[in-house]
Amino acid sequence: KEFFYAHGRAGYEHLAGFGRDIFLDLKLHDIPNTVAAAVRTLVPLAPAYLNVHAAGGGEMMAAAARAAHEAAGEATLPPPKMLAVTVLTSLSDADLSAIGVNGSPRDQVLRLAALAAENGMDGVVCSAQEVELLRREMGPNFNLVVPGIRPAGAAQDDQKRVMTPEAAIAAGA
């Protein structure tokens, strides 16, 4: 997100010139029509992955997924894998409670992952602490992108729900 805001389309296109898949991690979150319009403007950049916040709701996610497929068809490109951010790894139980979310992060992640799948998302962004649950409940083909991976003893910075690389792999990441 910081790179795209600082360098824009030109910076993105420079990186795309290296021929690698790019996850355009902009975490779009707005009303459905605005998110769909944003997705339409981003698809021609040919990101492999693009994300929205699941908290934007089912209608917003469905609009984003439709826009991705429509814009990709118009541009004769493969559509990006559309991902929904569930619960940020910087949020704890207490943080969720403070914003009015009842239940644990695991409960909220599963609820949002199911909503994402119902509305055309190809997968979700979740902490490694939810990977095993999501693999069991959402199946092996549902894409999971897992931030908050830290080596043992490393600083967690502002992350609260982290896991070591070894533990994350053992959980199915």
Side-chain angles (χ1 to χ4, degrees), residues 1-16 20-91 95-103 105-128 130-131 133-134 137-139 141-148 158-161:
K1 184 181 260 186
E2 295 90 343
F3 180 88
F4 194 80
Y5 287 166
H7 303 286
R9 185 180 194 103
Y12 179 95
E13 289 172 343
H14 177 76
L15 288 179
R20 299 287 194 178
D21 285 348
I22 296 177
F23 174 13
L24 192 49
D25 184 17
L26 299 180
K27 299 176 184 76
L28 302 171
H29 188 172
D30 210 312
I31 64 172
N33 286 333
T34 299
V35 169
V39 168
R40 282 189 196 91
T41 68
L42 296 168
V43 166
L45 294 173
Y49 299 88
L50 182 60
N51 63 0
V52 301
H53 266 286
E59 187 178 336
M60 186 206 71
M61 288 186 281
R66 274 193 311 276
H69 285 274
E70 290 167 2
E74 292 165 7
T76 63
L77 293 167
K81 295 283 187 193
M82 293 299 295
L83 304 172
V85 175
T86 56
V87 175
L88 297 172
T89 56
S90 62
L91 298 177
D95 296 319
L96 288 180
S97 180
I99 60 172
V101 175
N102 296 321
R106 287 174 58 87
D107 295 338
Q108 182 70 351
V109 167
L110 182 57
R111 191 171 24 253
L112 291 173
L115 185 64
E118 291 167 14
N119 286 283
M121 294 288 108
D122 298 300
V124 296
V125 179
C126 64
S127 87
E130 292 93 32
V131 166
L133 169 69
L134 291 179
E137 297 296 324
M138 305 303 296
N141 296 324
F142 196 63
N143 291 280
L144 304 179
V145 173
V146 185
D158 59 354
Q159 306 291 306
K160 294 179 182 167
R161 295 180 3 266

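For the numbers below, each heavy atom of this structure counts, side chains included, while hydrogens, waters and symmetry mates do not.
Within the 4.5 Å cutoff, the side chain of P80 has heavy atoms near those of the V43 side chain. The shortest side-chain heavy-atom distance between V125 and P147 falls under the 4.5 Å cut-off. Taking 4.5 Å as the limit, some side-chain heavy atom of L144 sits within range of a side-chain heavy atom of F142. The shortest distance between side-chain heavy atoms of L24 and F4 falls below 4.5 Å. Annotation: side chain of L133 is in contact with side chain of L110 (closest heavy-atom distance under 4.5 Å). Within the 4.5 Å cutoff, side-chain heavy atoms of V39 are placed close to those of M82.
The pair R9-E13 meets the salt-bridge criterion, since a charged nitrogen lies less than 4.0 angstrom from a carboxylate oxygen.
Shortest non-hydrogen contact noted between K81 and D122 is CA-OD2, 3.3 Å. Residue A38 comes nearest to L28 through the heavy atom pair CB-CD1, 4.2 Å, listed as atom of the first residue, atom of the second, then distance. Minimum interatomic distance between A116 and A84 (heavy atoms only, all atoms of both residues): CB-CB, 3.8 Å. For the pair V131 and C126, the tightest heavy-atom approach, listed with the atom from each and the gap, is CG2-SG, 4.2 Å. Here the closest heavy-atom approach between residue A128 and residue V146 is recorded as N-CG1, 3.3 Å. Considering every non-hydrogen atom in both A113 and V124, the closest pair reads CA-CG1, 3.8 Å.
N51 contributes a side-chain N or O that, together with a main-chain N or O of K27, makes up a donor-acceptor pair within less than 3.5 Å. Of the possible donor and acceptor atoms, none in the side chain of D25 sits under 3.5 Å from a partner among the backbone N and O of K1. Side-chain atoms of E130 come within 3.5 Å of backbone atoms of S127 as a donor-acceptor pair (strictly under, hydrogens ignored).
Atom CE of M121 sits about 13.0 Å away from atom OG1 of T86, to the nearest 0.5 Å. Here the CG-CD1 distance, from L45 to I22, works out to 8.5 Å after rounding to the nearest 0.5 Å. The line from NE2 of H69 to CD of E74 is 13.0 Å long, rounded to the nearest 0.5 Å. From L134, atom CG reaches atom CG of N143 across 12.0 Å, with rounding to the nearest 0.5 Å.
Other residues, nucleotides and ligands contribute more than 12 heavy atoms inside 6.0 Å of the NZ atom of K160. Atom CD of E59 sits in a sparse spot, with 12 or fewer heavy atoms from other residues, nucleotides or ligands closer than 6.0 Å.
Taking the six-membered ring for Trp and thresholds of 30 and 60 degrees, H29 and H53 have ring planes inclined between 30 and 60 degrees apart.
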